[in-house]
Amino acid sequence: MNKKLELLEQKTVEAKLGGGKKRIVAQHQKGKLTARERLHFLLDEGSFEEIGMLVTHRSSDFGMQEQIVLGDGVVTGYGTIGGRLVYIFAQDFTVFGGSLSETHAEKICKIMDLAMKNGAPVIGLNDSGGARIQEGVNSLGGYADIFYRNVRSSGVIPQISAIMGPCAGGAVYSPAMTDFTIMVEHTSYMFVTGPNVVKTVTNEEVSAEELGGAHTHATKSGVTHLTAVNELDCIEKIRRLLSYIPQNCEEKTPRLTFEVGDELRPQLTDLIPENANQPYDMREVIGGIVDDGSFFEIHEEWAENIVVGFARLAGRSIGIVGNQPISLAGVLDVNSSRKGARFVRFCDCFNIPLLVLEDVPGFLPGTDQEWKGIIVNGAKLLYAFCEAIVPRVTVITRKAYGGAYDVMNSKHIGADMNFAWPSAEIAVMGAKGASEIIFKKEIESADDPAALLAEKERGYQETFANPYRAAQRGFIDEVIDPKDTRRKLIKAFAMLENKVEKLPRKKHGNIPL
Ligand code: HXC
């Protein structure tokens with residue numbers, strides 16, 4: 001064999017082995033796959049084409065010239081998932097802890113640029129100790145080059161980040177600017193500074209898991225959208241997530257074949273409890289509307305008083321935002337507003353129609369919420385809906401009270417079709433609170449204040465605790481039988497399929513961040 005070819009083959013084998021056998025074994029012992037194994041399982045078989053396998057770093061400080069590893073700690077390239085093109089990078093923790101050098105960053109930037117030019121998603125499999133310490137400002141600059149591309153790509157192509165090991169320092173900011181983050185339980189961490197630095201600076205003792213593990217970010221910070229029990233589960237979730245999303249902002253959502261059948265769903269008929277204060281699970285409403293088993297929930301464990309996720313309706317992807325009566329009665333607060341707003345904006349970026357299921361008693365009152373900025377955070381959700389130009393449909397299942405009625409995709413802020421179940425109550429507030437305010441003097445001077453309050457409550461309830469006033473005004477397009485909801489929605493979204501709406505010309509809006 002030609003000497004050069006022989007050398008190339010040998011180098012290729014070395015590169016495929018990454019940082020050597022010992023390190024690979026260590027990786028497996030931690031319950032982690034190697035970068036190449038991850039690519040193997042994630043991409044369609046045989047579809048991966050590597051770019052930049054023979055790249056090496058250019059550093060010569062701290063003896064780095066003696067430590068040359070082909071590929072420089074990241075495997076980059078393209079392949080397909082479910083037959084659709086994706087660009088991908090997988091950091092290799094067995095090489096300098098997956099740390100980001102100047103050339104490592106250049107490889108990632110190269111595939112990000114290709115993805116933008118060709119309109120396909122970028123997936124990052126992150127497993128990195130952050131900026132390569134031996135390279136100083138060269139690695140910091142490399143991060144900034146990636147951040148810049150994350151932002152330029154935002155809203156143009158979907159960006160998904162899987163966290164499959166420790167991600168420290170700069171390694172967390174790129175995922176934070178992508179559309180979705182998925183963390184693997186017990187083997188992945190995200191923090192700006194690790195437990196040792198925390199201890200030095202604040203004297204606080206905290207484990208890596210508690211500081212930035214998957215559970216922490218799924219429940220406390222909301223930094224991760226999804227968690228996975230292991231790496232294969234993570235890979236499965238990435239594949240599933242992609243199946244709902246178009247390749248870029250110019251494309252329509254992927255569609256599965258669908259044949260109309262009996263679309264009535266009798267299980268929705270008695271789902272709303274007689275007592276308006278009794279909770280029910282909005283996921284059951286979702287299950288009775290969407291194609292069987294198609295609901296894919298996002299941010300499941302964070303801000304549980306709002307449910308968001310993707311589903312299919314008659315084969316076509318939709319995004320769902322629903323108040324959740326079983327958590328804080330479905331009230332809107334700081335976190336649920338942020339969660340809803342982020343999801344609405346993603347769907348709007350990528351032409352995914354929105355379905356809103358509304359049962360909301362209002363915004364959560366109190367000093368805690370006011371001081372955390374419920375005004376500006378609630379405004380995020382309001383802003384996101386007002387701005388969205390995808391097909392938008394609302395179903396009010398029960399309460400639509402106060403400002404929350406306006407916020408939750410009301411007709412007034414641009415929703416296309418607004419339905420209500422007969423159980424809907426559309427009013428400024430609940431009957432008791434309303435009666436106590438507007439009949440205060442009358443009730444105080446009554447012989448039997450409690451009896452008069454009850455009577456006034458009944459009157460208010462009869463007047464407003466129904467959808468018909470709103471329907472008379474056209475704010476509700478139709479009051480529908482719950483069991484007919486799926487059929488109505490299939491028809492409504494089909495009717496809206498070619499919706500075109502343009503926003504006024506501007507650089508970008510100024511969402512209250
Ligand atoms: C160079 C690194 C490295 C880094 C790890 N390694 N991080 N090499 N630069 N940033 C190397 C280690 O020297 C070691 O090499 C190998 O990777 C494995 O690391 P371990 O520490 O043995 O692994 P583990 O115990 O699993 O701990 C992983 C870790 C820890 C939690 C990531 O390594 C760590 O804290 N690293 C530093 C994190 C950090 O502070 N990064 C810089 C952030 S500043 P050998 O040869 O011994 O196997 C930053 C600025 C960007 O990122 C800001 C942009 C906004």
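One-based numbering, in listed order, for ligands and for the atoms of each. Because the structure is predicted, anything quoted here is derived from the model rather than measured.
A salt bridge is absent between D333 and K372; no separation between the charged side-chain nitrogens and carboxylate oxygens falls under 4.0 Å.
Residues meeting the side-chain hydrogen bond (donor to acceptor under 3.5 Å, both in side chains) test with Q369, sequence neighbours left out: none. Residues satisfying the side-chain hydrogen bond (donor to acceptor under 3.5 Å, both in side chains) criterion with E297, sequence neighbours excluded, are R283.
Annotation: ring pair (Phe, Tyr, Trp, His ring centres under 6.0 Å) contacts involving residues 195-250, sequence neighbours excluded, comprise F180-H225, H225-H299, Y244-F296, Y244-F310.
Seen from the ring of F89, K107 does not count as a face-on cation partner, given the 6.0 Å and 45° thresholds.
Residues D44 and R239 have side chains in contact (heavy-atom distance under 4.5 Å, counting atoms from C-beta outward).
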Ligand 1: protein N/O within less than 3.5 Å of ligand N/O:
{"from": "ligand 1", "atom 1": "9 (N)", "to": "I133", "atom 2": "N", "distance (Å)": "3.1"}
{"from": "ligand 1", "atom 1": "10 (N)", "to": "G129", "atom 2": "O", "distance (Å)": "3.0"}
{"from": "ligand 1", "atom 1": "10 (N)", "to": "A131", "atom 2": "O", "distance (Å)": "2.9"}
{"from": "ligand 1", "atom 1": "17 (O)", "to": "G97", "atom 2": "N", "distance (Å)": "3.0"}
{"from": "ligand 1", "atom 1": "41 (N)", "to": "G129", "atom 2": "O", "distance (Å)": "2.6"}
{"from": "ligand 1", "atom 1": "46 (O)", "to": "R23", "atom 2": "NH2", "distance (Å)": "3.2"}
{"from": "ligand 1", "atom 1": "48 (O)", "to": "R23", "atom 2": "NH2", "distance (Å)": "3.1"}
{"from": "ligand 1", "atom 1": "52 (O)", "to": "A131", "atom 2": "N", "distance (Å)": "3.0"}
{"from": "ligand 1", "atom 1": "52 (O)", "to": "G170", "atom 2": "N", "distance (Å)": "2.7"}

